[in-house]
Amino acid sequence: MFCPKIDTSRHAAYFGPMEPTPLQIAAQRLAQADKVAVLTGAGISAESGVPTFRGADGLWEKYRPEDLATPQAFARDPELVWRWYHWRRGLIAECFPNPAHQALVNMEKRVASFTLITQNVDGLHRLAGSRNILEVHGNLWMVRCTACGTLYEQRELDLPPRPACRECGGFLRPHVVWFGESLDSRILEAAWQAAAQCQVMLVVGTSAVVQPAAGLASVAKQAGAFVIEVNLEPTPNSREVDVSLMGKAGEIMPQLAQ
Ligand code: BV8
């Protein structure tokens, strides 16, 4: 569609300088910051084909989290829980980072102090090339032995229904944080510090309902940071942030990272 280039050079003469848009304000704050913290959720991976948890076609619409993402569920029926993770691993193995992930890689190269805090367990930020990543809910490509505690990367897709530890033969579990389980205290402390010390916090693709991760936006805000939200829909954080950009992360993030 031909869109005539509108000459705004005389606009200022008549109406004064054009007000910057929320996106321009957010991009400018990010460009000026040398301490940035980012919190991502499943929404940043949605355009890569990774299902989100809540909302119209989210995983929790089909499954009950208490049946799959709790230590009780795993104790009750470990093969059922593993079947869910085998399915997710197979699906995520076919998914690749999207422009939103790439925008964060580019941003990290430019910002002196950059911390990427992710609730996602899909590993797409690392695959995209992000470096300083805090995976507060773990990583589904890592397994942990329930007997000897050995932790290692396991990317095979055709694992047995109940995978066994390569060291002791004990039963393995996915190295992810389930509901009712505490987050790794060192990782959470690092995330809290990054939120408390940043000049700008960028919150991307999270429904902001799972604690303590979602609360990191408030930590940043209360510490005086400028907080930007990028999400498809409003969240409990939307009232508190300085700029809330509604839309697809894959479209908005490259504009913010310019
Ligand atoms: C803890 C497993 C201390 C990994 C996940 C009762 C008992 C015990 C605990 C609690 C309790 N009541 C409350 C709690 C605390 C609980 C909690 O927060 N519950 C909530 C549901 C109320 N938290 C915990 O249990 C945490 N641990 O507190 O320990 C403790 C210990 C014992 C007792 C008490 C306290 C552990 C939390 C971790 C849980 N594990 N998953 C896995 O297999 O994935 S949580 C699950 O939700 C995912 O891991 C995910 O990371 C997390 C958050 O979801 P989001 O990433 O936000 O995804 P969601 O789909 O919700 O939203 C996506 C958003 O993106 C949407 O807004 C959508 O609009 C948007 N979007 C979509 N497409 C796009 C987009 N945006 C932009 N562009 C797009 N294209």
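Remember, it's 1-based here, ligands and their atoms both numbered in the order they're listed. Because only heavy atoms are used, hydrogens play no part in the values below, and waters and symmetry mates are left out as well, while side chains stay in.
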In plain terms, say whether D57 and K62 are close enough for a salt bridge, that is, a side-chain N and a carboxylate O under 4.0 Å apart.
no

At a 4.0 Å threshold, what atoms of ligand 1 neighbour a non-hydrogen atom of R88?
42 (C), 43 (O), 44 (O)

Closer than 4.0 Å to some heavy atom of A46 - which atoms of ligand 1 meet that?
73 (N)

With heavy atoms only and a cut-off of under 4.0 Å, state how V210 meets ligand 1: side chain, backbone, both or neither.
both

May I ask you to decide whether E153 forms a salt bridge with R126, counting only side-chain N to carboxylate O separations under 4.0 Å?
no

Is atom 75 (C) of ligand 1 touching the protein, meaning some protein heavy atom lies under 4.0 Å away?
yes

Is it the case that Q102 and N98 place a side-chain donor and acceptor less than 3.5 Å from each other?
no

Could you tell me the residue and atom name of the protein heavy atom closest to atom 41 (N) of ligand 1, and the distance to it rounded to 0.1 Å?
V177 O, 3.9 Å

Using 4.0 Å as the upper bound for N to carboxylate O, is an ion pair formed by E108 and R110?
no

Write out the residue and atom name of the closest protein heavy atom to atom 49 (O) of ligand 1, then the distance separating them to 0.1 Å.
H137 ND1, 3.3 Å

Whether the E189 and Q193 side chains hold a donor-acceptor pair (N or O, under 3.5 Å, no angle test) is what I'd like checked.
yes

Atom pair CD/OG of Q199 and S113 - distance to nearest 0.5 Å
8.5 Å

Among non-hydrogen protein atoms, atom 63 (C) of ligand 1 lies closest to G205 O, 3.7 Å

Identity and distance of the protein heavy atom lying nearest atom 51 (O) of ligand 1
Q119 O, 2.9 Å

Checking contacts here: is it the side chain or the backbone of I44 that comes within 4.0 Å of ligand 1, counting heavy atoms only? Could be both or neither.
neither

K221 vs D242, salt bridge (Lys or Arg N to Asp or Glu O under 4.0 Å): CA-CA, chis, key distance, verdict
CA-CA 9 Å; K221 184 66 192 156; D242 295 282; 2.7 Å; yes

Tell me the closest heavy-atom pair linking E240 and S218, and the distance in Å.
OE1-OG, 2.8 Å

Check whether any protein heavy atom sits under 4.0 Å from atom 12 (N) of ligand 1.
no

Does a side chain donor of either H125 or T40 reach within less than 3.5 Å of an acceptor in the other side chain?
yes

With a cut-off of under 6.0 Å to the ring centre and 45° to the axis, is R88 in cation-pi contact with W84?
yes

Quick one, V243 and E229 - any side-chain contact, counting heavy atoms below 4.5 Å?
no

Does ligand 1 have an atom that lies less than 4.0 angstrom from a heavy atom of Y85?
yes

Which residue and heavy atom of the protein sit nearest atom 1 (C) of ligand 1, plus the separation:
E181 O, 3.4 Å

N or O contact, Q211 vs ligand 1, cut-off under 3.5 Å
yes

Does ligand 1 have an atom under 4.0 Å from some heavy atom of A100?
no

Would V176 count as being in polar contact with ligand 1, using the rule that some N or O on each side must be under 3.5 angstrom apart?
no

Which ligand 1 atoms does G41 reach within 4.0 Å, using its non-hydrogen atoms?
56 (O)

Under 3.5 Å side-chain donor-acceptor pair for T150 and E167:
no

So, is E233 polar-close to ligand 1, with some N/O to N/O distance under 3.5 Å?
yes

What is the closest protein heavy atom to atom 80 (N) of ligand 1, and at what distance does it sit?
E47 OE2, 2.8 Å

Let me know which of L140, L91, V50 forms a side-chain contact (heavy atoms from CB on, under 4.5 Å) with D122.
V50

Taking 4.0 angstrom as the limit and counting only heavy atoms of G247, give me the atoms of ligand 1 inside it, by number and element.
77 (C), 78 (N)

Atom indices of ligand 1 within 4.0 angstrom of A249 heavy atoms, with elements
77 (C), 78 (N), 79 (C)

As a test of the contact definition, would atom 32 (C) of ligand 1 count as having a protein heavy-atom neighbour under 4.0 Å?
yes

Under 4.0 Å from atom 7 (C) of ligand 1, can you find at least one protein heavy atom?
no

Which residue and non-hydrogen atom of the protein lie closest to atom 56 (O) of ligand 1, and at what distance in Å?
A42 N, 2.8 Å

Between L116 and S130, the two heavy atoms sitting closest are CD2-OG, 3.5 Å

Write out the residue and atom name of the closest protein heavy atom to atom 54 (O) of ligand 1, then the distance separating them to 0.1 Å.
R54 NH1, 2.8 Å

R173 to W178, cation-pi by 6.0 Å centre distance and 45° axis angle:
yes

One finds that the ligand 1 atoms under 4.0 Å from a non-hydrogen atom of V121 are 44 (O)

Check whether any heavy atom of G58 sits under 4.0 Å from an atom of ligand 1.
no

Would you kindly specify which portion of S207 sits under 4.0 Å from ligand 1, judged on non-hydrogen atoms: side chain, backbone, both or neither?
both

Quick check on contacts: which atoms of ligand 1 are under 4.0 angstrom from a heavy atom of W178?
36 (C), 39 (C)

Applying salt bridge (Lys or Arg N to Asp or Glu O under 4.0 Å), name anything that partners R76, two or more places apart in sequence or on another chain.
D67

Counting from 1, what ligand 1 atoms have a heavy atom of K248 closer than 4.0 Å?
78 (N)

Locate the shortest heavy-atom distance separating L127 from C95; write the atom from each residue and the value.
CD2-O, 4.4 Å

